[in-house]
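Note that the coordinates shown come from a computational prediction; the quantities given were computed from them, not determined experimentally.
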Amino acid sequence: MSQDSGDPTPDDSGKPSQGVDPATGKDPTELKSIELKPGDEDSDRVVFHFSDPKRNDSLPQYEVKYLGGDPKEPGSGKPVEMEGEHFLGVTFTHATTDGSVREVVDKDLPTVSELRYLGGFEQVQEAAIGVNGCTDSPGKPSYDVKVLDTDIVVDVKSSECSS
């Protein structure tokens, strides 16, 4: 227990401490599962499923961006070996998990070669998406991020590449 607030502190299970966000006054949203599947005709889809945000009125804040190198384990900073030429990092702030979220691998998709939940610490959950390069150029495939109900979705385009 924390001496200041009485809230539990993170333990080695990867479960962050529970408590309201001081900025919003809301409870964290729970990441329930991750899924990798074909998207529309020209994309692969990564879905992050969250608990019903009506409990706390919001999904977590998120950031999706290409990483400058290999993904790293939260806390330790150790590199994580993954399939893919490029890696999208996905970070959720003010989110928890019950510890049951597992990595998903599907090498049959054209653009996304691997999706991996990296772990969490202090209400920040991290994942990485291994992305294959573009067939017609040296660039990285483009991606779109959207919110659909209780999910945050990343569509990685197989045909559109940027330098």
Side-chain angles (χ1 to χ4, degrees), residues 14 16 21 23-24 26 28-54 56-98 100-163:
D21 182 347
T24 65
K26 298 180 180 178
T29 303
E30 186 176 339
L31 176 62
K32 299 299 255 178
S33 64
I34 58 177
E35 182 180 8
L36 175 58
K37 60 185 183 178
D40 60 23
E41 62 193 40
D42 70 340
S43 69
D44 294 342
R45 177 165 279 189
V46 176
V47 183
F48 297 91
H49 300 283
F50 287 89
S51 60
D52 187 354
K54 293 177 181 141
N56 64 4
D57 298 325
S58 66
L59 286 169
Q61 295 177 11
Y62 59 89
E63 178 180 45
V64 180
K65 66 180 181 179
Y66 274 105
L67 302 175
D70 290 335
K72 308 247 186 297
E73 288 181 8
S76 74
K78 292 179 184 175
V80 175
E81 270 192 48
M82 286 184 63
E83 296 288 328
E85 295 174 40
H86 309 285
F87 304 99
L88 281 168
V90 184
T91 304
F92 300 104
T93 305
H94 200 58
T96 61
T97 182
D98 66 4
S100 65
V101 177
R102 299 286 180 237
E103 76 180 53
V104 177
V105 177
D106 188 335
K107 297 181 182 180
D108 292 332
L109 297 177
T111 306
V112 175
S113 56
E114 184 174 354
L115 166 63
R116 185 176 296 204
Y117 170 68
L118 300 174
F121 184 71
E122 294 186 352
Q123 296 184 4
V124 176
Q125 305 302 313
E126 296 184 47
I129 303 169
V131 178
N132 296 319
C134 301
T135 54
D136 299 334
S137 74
K140 299 172 187 171
S142 62
Y143 61 92
D144 294 317
V145 182
K146 58 187 140 210
V147 173
L148 299 173
D149 195 26
T150 61
D151 300 334
I152 295 176
V153 176
V154 181
D155 286 323
V156 182
K157 304 290 183 184
S158 57
S159 62
E160 297 176 30
C161 290
S162 60
S163 357

Any side-chain heavy atom of [X] sitting closer than 4.5 Å to one from [Y]?
| X | Y | result |
| --- | --- | --- |
| Phe87 | Val80 | no |
| Lys157 | Asp40 | yes |
| Lys140 | Leu88 | no |
| Pro38 | Leu109 | yes |
| Ser158 | Asp42 | yes |
| Leu118 | Arg116 | yes |

Shortest non-hydrogen contact between [X] and [Y], atoms and distance:
| X | Y | answer |
| --- | --- | --- |
| His49 | Glu35 | NE2-OE1, 2.9 Å |
| Pro110 | Asp44 | CD-OD1, 3.4 Å |
| Val90 | Val64 | CG1-CG2, 4.1 Å |
| Tyr143 | Lys65 | OH-CA, 3.4 Å |
| Pro141 | Thr111 | CG-CG2, 3.9 Å |
| Thr91 | Glu126 | OG1-CG, 4.2 Å |

Query raised in the report: Do you know which of Val112, Val46, Asp144, Val47 makes side-chain contact (heavy atoms from CB on, under 4.5 Å) with Val154?
Result: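 Only match with Val154 under side-chain contact (heavy atoms from CB on, under 4.5 Å): Val46.
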What is the distance from atom [atom1] of [X] to atom [atom2] of [Y], rounded to the nearest 0.5 Å?
| X | Y | atom1 | atom2 | result |
| --- | --- | --- | --- | --- |
| Ile129 | Tyr66 | CD1 | OH | 8.5 Å |
| Arg45 | Leu148 | CZ | CG | 6.0 Å |
| Thr96 | Glu30 | OG1 | CD | 5.0 Å |
| Ile34 | Gln125 | CD1 | CD | 11.0 Å |
| Lys78 | Asp70 | NZ | CG | 15.0 Å |
| Met82 | Ser113 | CE | OG | 7.0 Å |

Requested in this report: Before giving the answer on side-chain contact (heavy atoms from CB on, under 4.5 Å), spell out for Thr93 and Glu63 the whole-Å C-alpha distance, their side-chain angles and the decisive distance to 0.1 Å.
Outcome: CA-CA 9 Å; Thr93 305; Glu63 178 180 45; over 6 Å; no
Requested in this report: Return yes if some donor-acceptor pair links the side-chain N/O of Glu114 with the main-chain N/O of Gly130 below 3.5 Å, else return no.
Outcome: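 No, because the side chain of Glu114 does not come within donor-acceptor range (under 3.5 Å) of the backbone of Gly130.
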Query raised in the report: Counting distance only, does the side-chain N/O of Asp98 pair as donor-acceptor with the main-chain N or O of Ser100 below 3.5 Å?
Result: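 Pair found, side chain donor or acceptor close to backbone of Ser100.
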Query raised in the report: Are Phe48 and Tyr62 close enough that their ring centres sit under 6.0 Å apart?
Result: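 No: the rings miss the under 6.0 Å criterion.
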